[in-house]
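Below is one structure, written out as C-alpha cells; comments come after it.
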Amino acid sequence: MNKNIQSFIELCNGEFGRKVAYTYVDEITQNNVLSVLQKAVSVLNCNRPIIRYLHRYYRGDQPILYRQKTVRPEINNKTVENHALEIVRFKTSQTYGEPIQYVSRKTDQAINVAVDKLNDYMRDAHKQARDIELGTWQSSVGTAYKAVLKVKGNCPVPFRLNVLSPMNTIMVYSGNDGRDMLSIQQLKDEQDQQYFQCFSDTEYFTIKNGRITDSGLNGFGGIPIAEYPNNPDRLSDVEIVITMLDQINKMQSDRMNGIEQFVQAFMLFKNCEINKDQFVEMCQLGAIQVKDSGQGVQSDVKIMSEELNQEQTQVAKDDVYRQVLVVEGMPDRQQNTGGDTGQAVYLRNGWDFAEQRAKLDEPFTIEAEKKHVAIVLNVIKQKTNDVPLSVRDFDVKITRNTTDNMLVKAQALDYLLKNKIHPLIALTTCGLFGDPEKVWTMSKPYIDTIMKTQGQLDAEAERERALELLKVQTNSTIKTGGAE
C-alpha cells in the first residue's frame, strides 16, 4: 500500500495541477485509436500517483504520521489536524450541498413539464448522492468524472449514474479546438486482466494487450463520460495549501512533544551518585535525600526542563490557519467581538468572498453538466422518449443556501416592487429564488390580479417586455465591460 510518507512537493516536483491529454487527429478511428491511447495513458500514469496521494491526504494519511525523531525518539507525538477534510467538505457543500436543478428557459408549458420530469428522473437516479461523491473527488484531487450507463429491463429509470475514479479515467481533448475526443477507462476483467474501454462520439473500442478486441457504434449518441474539472488548471483545493497544512500538523505535534518533555524531563544529579535501585525507590516515594560530598562541594538534584511557550505557538498556528482560509476563499468562523450583525458579519467573516470564489469555478461545472445531461436525454429518448427536450431548452442552476441573508433579499424585492420595477426583473435580481422564471409562472394569477388593479397591461405582455429589458441590460454590461 502506498503511504504518504514523503511530502507532496517531493512527489509532484513543482508540477501543480493535473496534466491534460491532447490529440491532434481530426477523428478517432480504428487506425489511430491505439496511438492516441498510448499517449493518453502516459499522462494518466503521470497523474495517478499524485491523485492517489491527494485523496489519501484528504482522508487523513498525512506525512506527520511517519515522522522520525533522532533526539529523544520515545517522545514523538504524531497529530493530524485534518483541515484537508474540512476544506474538501466545505467546497463540495458549496456546489453540491443543494441538488443541482434544471430550470426552463422558455414559457412553453410543455417544456416546463418536460424539465420537471427530467428533474424527477435525476432525483430517482439518486443524482445528488452521486454529485456529492463527484464533488469530493473534484475538490480533493482537482478533477472528477461522471458516466451515464444504460439500465437493462423495465426499470422506472432507464439510466444509471456512476462516478469514476480519476486514478483510472482520463479524457482526451482536441489540441486544435478543445472538444472532447475520447474517454478512456482502465478496467479489469473476470480474470483480473487489465484492458481499456474507450468511447469516441460515434464508436467504442475495447483494447487489451495493445490490440482492439472489440469495437462498434456508440449507442449513447456521444461520449457517455463527462469530466468535471475543479478549475481551468485542475488544481486541487488541498494542494494549493498543502505546505501550510503540513506546518499546522508539525506545530501541533511539537506542542504535544513540548508538554510531554516537560512532564518527562531528565533529572540532574550534581556531585552525588545514585544507582538504579535507589532511583526507582525515589520515583516511588516521590522524594530523595542527598548529602554534600564535603570539601565545599555541594550536591544537588533538579529537573532539567524548559517549558514551550504555548501562547506564542498558538499565535503562530492561528496565523497559518487564517492564511489557509484566505487562500481557499473560505469564511473565518471567528467570534463577533463588535456590535455588528447580519450583512456586516456576512461581509466581515468572508462569506461574501467565499460566494464570489465559488462563482469563478461554477461555469466549468455547468459546462460539464450540460455534456452529461445531453447523454442522459439521449438514453431517455431511446427508452421512453417522454422528455422531449434539447440542452437549449433549459439552464443548469447551482443553488447555494437561499436562506443566507434571506431577510435582506426579501427587503430588496419589496423595495424594487414598491418602486415600480417590473416584477420579473425584481425576482431575477434580488437573488431570493433559484428559478425566478418558474416563480413568475406560478405567481402569474396573483400578478395578473395586481396589475389589473393598478390598470397595467396583462402579465404575459409585461413578461415579454421585462425579458427584452433584461437582454438590453446584459448586452450593455458586456459592451462596457461592467463599467458604470
Side-chain angles (χ1 to χ4, degrees), residues 95-135 144-164 180 199 201 218-226 228 362-363 365-402 424 427-428 432-448 459-460 463-464 467:
T95 304
Y96 304 105
E98 295 287 334
I100 291 179
Q101 295 290 318
Y102 309 120
V103 296
S104 175
R105 280 183 175 179
K106 304 177 182 178
T107 58
D108 189 338
Q109 185 62 24
I111 291 180
N112 289 333
V113 171
V115 170
D116 288 341
K117 187 168 289 188
L118 175 60
N119 283 317
D120 289 340
Y121 267 128
M122 291 299 192
R123 191 177 299 111
D124 293 338
H126 307 291
K127 181 177 182 295
Q128 189 183 12
R130 301 290 79 76
D131 281 347
I132 292 172
E133 185 181 354
L134 177 90
Y145 299 89
K146 184 163 59 175
V148 181
L149 305 175
K150 294 181 179 180
V151 175
K152 297 179 181 179
N154 296 323
C155 183
V157 181
F159 62 90
R160 186 166 62 87
L161 307 180
N162 186 30
V163 175
L164 310 176
D180 300 4
F199 285 92
D201 277 335
N218 178 357
F220 289 95
I223 299 176
I225 297 174
Y228 289 69
E362 189 175 284
T365 299
I366 292 175
E367 180 185 13
E369 190 69 15
K370 280 278 190 175
K371 296 176 184 178
H372 166 70
V373 178
I375 303 300
V376 170
L377 291 174
N378 288 341
V379 174
I380 294 175
K381 184 176 181 180
Q382 295 170 11
K383 290 283 187 176
T384 60
N385 197 24
D386 59 347
V387 184
L389 288 176
S390 73
V391 292
R392 298 189 62 188
D393 292 329
F394 61 91
D395 285 323
V396 176
K397 183 68 175 179
I398 296 177
T399 306
R400 279 175 279 279
N401 190 355
T402 56
L424 181 56
L427 291 171
T428 303
L432 190 60
F433 305 102
D435 188 356
E437 179 76 23
K438 191 169 186 178
V439 173
W440 169 273
T441 302
M442 295 180 67
S443 304
K444 187 175 181 297
Y446 307 97
I447 295 174
D448 280 341
E460 188 59 32
R463 178 192 170 283
E464 297 297 332
L467 288 174

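Hydrogens, waters and symmetry mates are skipped; everything else that's a heavy atom, side chains included, is used.
Separating the CD atom in Gln382 from the OG1 atom in Thr384 is a distance of 10.5 Å, to the nearest 0.5 Å. Atom CG in Leu118 sits 5.5 Å away from atom CG in Leu377 (nearest 0.5 Å). Taken from CG in Asn378 to NZ in Lys150, the straight-line distance is 9.0 Å, to the nearest 0.5 Å. Note that the CG atom of Asp131 and the OH atom of Tyr96 stand 6.0 Å from one another [nearest 0.5 Å]. Distance check: Ile380 CD1 to Ile375 CD1 gives 12.0 Å after rounding to the nearest 0.5 Å. One distance of note links CD1 of Ile223 with CG of Asn218; it measures 8.0 Å at 0.5 Å rounding.
For the side-chain hydrogen bond (donor to acceptor under 3.5 Å, both in side chains) test, residues two or more places apart in sequence or in another chain that qualify with Asp395 are Arg105. Shown here are the side-chain contact (heavy atoms from CB on, under 4.5 Å) partners of Asp393, two or more places apart in sequence or in another chain: Lys106, Ile111, Leu389, Ser390. Ala368 is linked by a side-chain contact (heavy atoms from CB on, under 4.5 Å) to Tyr228, counting only residues two or more places apart in sequence or in another chain. Under the side-chain hydrogen bond (donor to acceptor under 3.5 Å, both in side chains) criterion, Glu367 pairs with no residue, sequence neighbours left out.
Around atom NZ of Lys371, more than 12 heavy atoms belonging to other residues, nucleotides or ligands sit under 6.0 Å away. Within 6.0 Å of the NZ atom in Lys381, the count of heavy atoms belonging to other residues, nucleotides or ligands does not exceed 12.
Using modelled atom types, no side-chain atom of Asn119 and backbone atom of Gln101 make a donor-acceptor pair closer than 3.5 Å. A donor-acceptor pair under 3.5 Å is absent between the side-chain atoms of Gln128 and the main chain of Met122, judged by distance alone. Although no hydrogens or angles enter the test, the distance criterion places no donor-acceptor pair under 3.5 Å between the side chain of Lys370 and the main chain of Val396.
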Gln109/Val113 under side chain to side chain contact (heavy atoms under 4.5 Å, CB included): CA gap, chis, key distance, verdict: CA-CA 6 Å; Gln109 185 62 24; Val113 171; 3.9 Å; yes
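Applying the ring pair (Phe, Tyr, Trp, His ring centres under 6.0 Å) definition to pairs two or more places apart or across chains, none involves residues 106-128. Among residues at least two apart or in separate chains, ring pair (Phe, Tyr, Trp, His ring centres under 6.0 Å) pairs with a member in residues 367-399 are Tyr102-Phe394.
Residues Val379 and Val151 are not in side-chain contact: their nearest non-hydrogen atoms beyond the backbone lie 4.5 Å or more apart.
For the pair Lys146 and Glu133, the salt-bridge criterion is not met [side-chain N within less than 4.0 Å of a carboxylate O]. A salt bridge links Asp120 and Arg123; the closest N-O separation between the charged side-chain nitrogens and carboxylate oxygens is under 4.0 Å. Salt-bridge annotation for Lys127 and Glu369: present, with a side-chain N of the basic residue lying under 4.0 Å from a carboxylate O of the acidic one.
Taking both residues in full, the closest heavy atoms of Ala114 and Val387 are given as O-CG1, 3.6 Å, listed atom of the first, atom of the second, then distance.
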